[in-house]
Every structure is written in C-alpha cells, then in structure tokens.
Number of protein chains: 2
Amino acid sequence: MASITNFFDGEKKTMEHHPALASLNQEPDLLKTVLNKEGFRFTSQRQKILDLFQATPLGHHLNAEEIHQQLLDQGEKISFSTIYRALHVMVRLGLLQELELAEGRKYYELNTPFMEQHHHLVCVHCGEVLEFEDTKMTQVGHGESATRGFSLLNCQFTVYGICPSCQSLLG
Amino acid sequence: MASITNFFDGEKKTMEHHPALASLNQEPDLLKTVLNKEGFRFTSQRQKILDLFQATPLGHHLNAEEIHQQLLDQGEKISFSTIYRALHVMVRLGLLQELELAEGRKYYELNTPFMEQHHHLVCVHCGEVLEFEDTKMTQVGHGESATRGFSLLNCQFTVYGICPSCQSLLG
DNA sequence: ATGAATAGCGAAAATGATTTTCAATAACCC
DNA sequence: GGGTTATTGAAAATCATTTTCGCTATTCAT
Ligand SMILES: [Mn+2]
Ligand SMILES: [Mn+2]
Ligand SMILES: [Zn+2]
Ligand SMILES: [Zn+2]
C-alpha cells in the first residue's frame, strides 16, 4: 500500500527528532552521511533540493512543480522524476515532511523536531496556509497510537476554513 | 482553487450539525428536499449512493471505486462521472465528509454532528483505519480559526503509524 | 588512483484517479 | 403536458505522479 509518509514502510524513521536536522546547516556534507548510512548515494541534485528547502522561508511549503521551477530559475535543470525520487528518499530519511494540504498534490517542508511539530490552517478558497503549534495535538496523537498499539510515524492536524480576506470577497 | 472540503467554496455548509442528518433515515425524500433547496435535482442515482452510505457500517470509509463496485454488486449500473458528481454535491450539502486518509484517493463517510466529530488513526502498511473522538481537537480547531478570523469548515486530525499486526509482520 | 558493480539520472511513456465534454434523457416548474 | 435545463453515461481529456530504459556517476574494494 502506498503511503502518505513514506514509500518503504518497514524502516521509516519514527517521529523522533532526527539528529541530522540540527546540524544540517553547519555540516556541509551531512546529507552525504545520512544518505550513505541507508545505502543511498549522494548526488548534486539531492543537495540542490535540500538547499532549496533550507533557503525557503519558514511556513512556506513546496510541491514538485515549485521545486522544479525554482531550480530552473536559478539555472539548474533537473527532471521531475529526479525531484520525486529525491523527495521520497528525504522523507524516508526523516529530513522532510510530506503534507496533504489540499487539492491533488503533495507539499513538503523541512522536518521539525517532534515536540515542535506544527499544524496547518488552510483557506480553501485562496490556498493561504497558516501554521500553529499546540502540544495537545501531539499528546493526543501519541496517546491514541499508544492505546491501540500502533507505532507512531506522524500526525497531521489540518483545519480548513475561509480566510478573512476571502470572506469579504465572497460577501 | 480546488478543495478538500467542497467544490464551491462560497456557500459551503459550515461545520454545524446539518439538520438533515438526524432525520435522513426517517424522512424518505429528505434528500430531495435538501437537493432542491439548493437548486440541485433529485435523482435515483444520488439516492442510491446515499442509501449505500447509510447501509455502510460505522467506521468504514468508501471511495468512488468501492461505491461503483458495491452498486454493481447489487445490480445497479452507474457511471463514475455520476458517482464523482454526486459525491461533490453531497459534500457541498453537508451530507458527506471527504477524507484524505492516505494514498492518492479520497474517501467519504456520512457527515456527523459537529460535537461528535471523530478523527482517524491509519496504518500506513495495511491501510487499516481506526476512529477516535477527542473534543480537544475540535476545540483547538475552533480556537485557531477564530484567532485568525477564519470561518471554520472542517478539521481533520490524522495519525499515521503501523498497526500491531503489521509491526509483527515486519519484525 | 582504477575499475567493477549498481544506484541514480533524464526523457519519454505509462498510470490512475478524477474531471470534462457532449448528445441524450429526465426533473422541475408553470 | 411542455419547455427549460440539470443530470446522465460513455468516451476523451487532465494532471500529478510513477515507471521504463539506456546512459552516467557514485561507491567501494583493490
Ligand atoms: Mn508547515
Ligand atoms: Mn471516519
Ligand atoms: Zn483565502
Ligand atoms: Zn497494518
């Protein structure tokens, strides 16, 4: 079965804080280390995609299309197949989070430490996305999965509504 | 922009308890009333789809494919375009909830009164879905959308993990 | 370093859920 | 009943994502 959170269920990183994340900025070839540890190879394409996420403002979420376009804009040509493959690998390694915000496409952002997990408020009209934190969410997620004996991978709380400016537009 | 929760943002029912839901079973042609009130027409196809949801055990979620198959099984031929159109209309009327449980397809279930809103725990390996209730979720959803001036349509809390039996299978 | 083994790349084709098109039909309203 | 038009089914179109395949680049042992 395909999955929202990974493509190789058996060995997915759990919802812990990935030790790589803290130092991804400092260590220049940490990506190589993380990849090789799991048998993946380091490539310039993967580095460029990760760099792009690190250059993306907090609270912004990227999809494959945007990644492709932004890399084009900075003169890097890369194929969609490579982008999709890199995204899967980086989700699998716990470097990225995959999000189902709305409409038929997936969005990605740098993964954040477990206790700083955040959630999303989406305007279904204009697509604006606001982030918020609430530890009650993660507590409930932990509690429920523990109760049922599930090993927790990820919780997503998504609130859909209409933002103030769209409300006035729509009367 | 397309939307998880509806296809015609401006007039979507809000997250209140839809008055139709309580009595959908009793009133035989309540569906007609609800449809006509919004300018839609009553059709036997829409009735059959709603009937199917009412005959579906609680906690089970249907996608377009399953709806098509189940209707075929009971001798009803219906096209996918009609199924998709009916699902959109019924979400729009607040009769159904649209869910993003996992993998690239949408699931539907009868909409439930606001305060009985439930959430989902999904095994990413076998696809099993468990439901749970927690009023903290809806409170946080209300609170966040109020704070930001959003009009709330819907909240979904989805917890992804691996169920006990898949854990033992996977070692 | 060098070379063998193979993971990863790009381009193009394939997939698969959903949407759209369009002519025929059936609901609605007078 | 009859005109208007929303809805239907079948087929074609969309569109994000995945797969295929021949070629290249990374890894790792020599
Ligand atoms: Mn985010
Ligand atoms: Mn449910
Ligand atoms: Zn908006
Ligand atoms: Zn399972």
Side-chain angles (χ1 to χ4, degrees), chain A residues 1-8 29 31-50 61-69 71-72 76-93 98-108 127, chain B residues 1-8 29 31-50 61-69 71-72 76-93 96 98-108:
Chain A
M1 165 185 208
S3 151
I4 277 191
T5 44
N6 60 64
F7 66 104
F8 213 51
D29 46 45
L31 176 58
K32 177 168 176 8
T33 311
V34 174
L35 284 165
N36 291 349
K37 191 184 319 174
E38 304 282 339
F40 297 105
R41 292 182 183 177
F42 173 85
T43 67
S44 67
Q45 290 89 339
R46 289 172 178 175
Q47 183 66 65
K48 281 168 197 154
I49 291 174
L50 185 56
H61 306 91
L62 297 170
N63 58 44
E65 174 74 37
E66 288 175 301
I67 292 168
H68 185 254
Q69 188 55 54
L71 290 180
L72 266 191
E76 313 286 358
K77 194 157 59 179
I78 187 172
S79 78
F80 273 102
S81 15
T82 300
I83 292 174
Y84 282 111
R85 283 181 291 231
L87 290 172
H88 292 162
V89 169
M90 290 160 105
V91 168
R92 160 98 154 66
L93 295 175
E98 184 177 271
L99 300 173
E100 307 270 346
L101 293 180
E103 44 182 312
R105 47 173 53 164
K106 289 172 183 162
Y107 286 83
Y108 299 84
Chain B
M1 158 181 215
S3 150
I4 278 189
T5 44
N6 59 65
F7 67 104
F8 213 52
D29 45 48
L31 177 58
K32 176 167 177 11
T33 310
V34 174
L35 284 165
N36 290 349
K37 192 184 318 174
E38 304 282 339
F40 297 106
R41 293 182 183 175
F42 172 86
T43 66
S44 67
Q45 290 89 337
R46 289 172 179 174
Q47 183 66 65
K48 281 168 196 154
I49 291 173
L50 185 56
H61 307 89
L62 296 171
N63 58 42
E65 174 73 36
E66 289 175 301
I67 293 168
H68 186 255
Q69 188 55 56
L71 290 181
L72 266 191
E76 312 287 357
K77 195 158 58 182
I78 186 171
S79 78
F80 273 102
S81 13
T82 300
I83 292 174
Y84 281 111
R85 283 181 293 229
L87 289 172
H88 292 162
V89 169
M90 290 161 102
V91 169
R92 161 97 154 65
L93 296 175
L96 297 181
E98 184 176 272
L99 301 173
E100 306 269 347
L101 293 180
E103 43 180 312
R105 47 173 54 161
K106 290 173 184 162
Y107 286 83
Y108 298 84

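What's counted below: heavy atoms across the whole structure, side chains too, no hydrogens, waters or symmetry copies. Residue numbers start from 1 in every chain, and the chains themselves are labelled A, B, ... in the order their sequence lines are given, proteins ahead of strands.
Proximity of A/His88 to the phosphate of D/dT17: no side-chain N or O atom is located under 4.0 Å from OP1 or OP2. Phosphate proximity of C/dA7 to A/Arg85: absent, as no side-chain N or O sits under 4.0 Å from OP1 or OP2. For A/Tyr84 and D/dT17, the shortest distance from a side-chain N or O to OP1 or OP2 is below 4.0 Å. Neither OP1 nor OP2 of D/dA25 sits under 4.0 Å from any side-chain N or O of A/Gln45. Side-chain nitrogen and oxygen atoms of B/Arg105 include at least one within less than 4.0 Å of the OP1 or OP2 phosphate oxygen of C/dA17.
With DNA chain C read from its 5' end, the first of the two nearest nucleotides for B/Ala64 and A/Ala86 is the one closest to A/Ala86. Place B/Ile83 and B/Gly39 on DNA chain D by their nearest nucleotides, and B/Gly39 ends up nearer the 5' end.
The distance from atom CG of A/Asp29 to atom P of D/dT26 is 14 Å, rounded to the nearest whole Å. The OH-P distance, from A/Tyr108 to D/dA16, rounds to 13 Å in whole Å. One can place CG of B/Leu62 at 16 Å from C1' of C/dA17, the figure rounded to the nearest angstrom. Spacing between atom CD of A/Gln47 and atom P of D/dA25 amounts to 18 Å, rounded to whole angstrom units. To the nearest angstrom, P of D/dA16 lies 13 Å from CD of A/Gln69. As rounded to whole Å, 13 Å separates atom P of D/dA16 from atom NZ of A/Lys106. Here the P atom of nucleotide C/dT6 and the CD atom of A/Glu38 are 20 Å apart, to the nearest Å. Distance CG (A/Asn63) to P (D/dT17): 7 Å, rounded to an integer number of Å.
Within the 3.5 Å criterion, the main-chain N or O of A/Lys32 finds no donor-acceptor partner in the side chain of A/Arg46. Distance alone, capped at 3.5 Å, is enough to place a donor-acceptor pair between the B/His68 side chain and the B/Ile78 backbone.
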For the pair B/Gln45 and B/Arg85, evaluate side-chain contact (heavy atoms from CB on, under 4.5 Å) and give the outcome as yes or no after the intermediate values. CA-CA 10 Å; B/Gln45 290 89 337; B/Arg85 283 181 293 229; over 6 Å; no

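Among A/Leu87, A/Ile49, A/Asn63, A/Leu99, the one residue that satisfies the side chain to side chain contact (heavy atoms under 4.5 Å, CB included) test with A/Tyr108 is A/Leu87.
One finds the CZ atom of B/Phe40 at 4.5 Å from the CZ atom of B/Arg92 (value rounded to the nearest 0.5 Å). Going from atom CG of A/Leu93 over to atom CG of A/Leu31 covers 8.0 Å, rounded to the nearest 0.5 Å. Interatomic distance, CG of B/Leu72 versus CD1 of B/Ile67, reported as 12.5 Å (0.5 Å rounding).
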Under 3.5 Å, which N/O atoms of the protein pair with N/O atoms of nucleotides 27-30 of chain D?
from: D/dT27; atom 1: OP1; to: A/Lys32; atom 2: NZ; distance (Å): 3.3
from: D/dT27; atom 1: OP1; to: A/Asn36; atom 2: OD1; distance (Å): 3.3
from: D/dT27; atom 1: OP1; to: A/Phe42; atom 2: N; distance (Å): 3.1

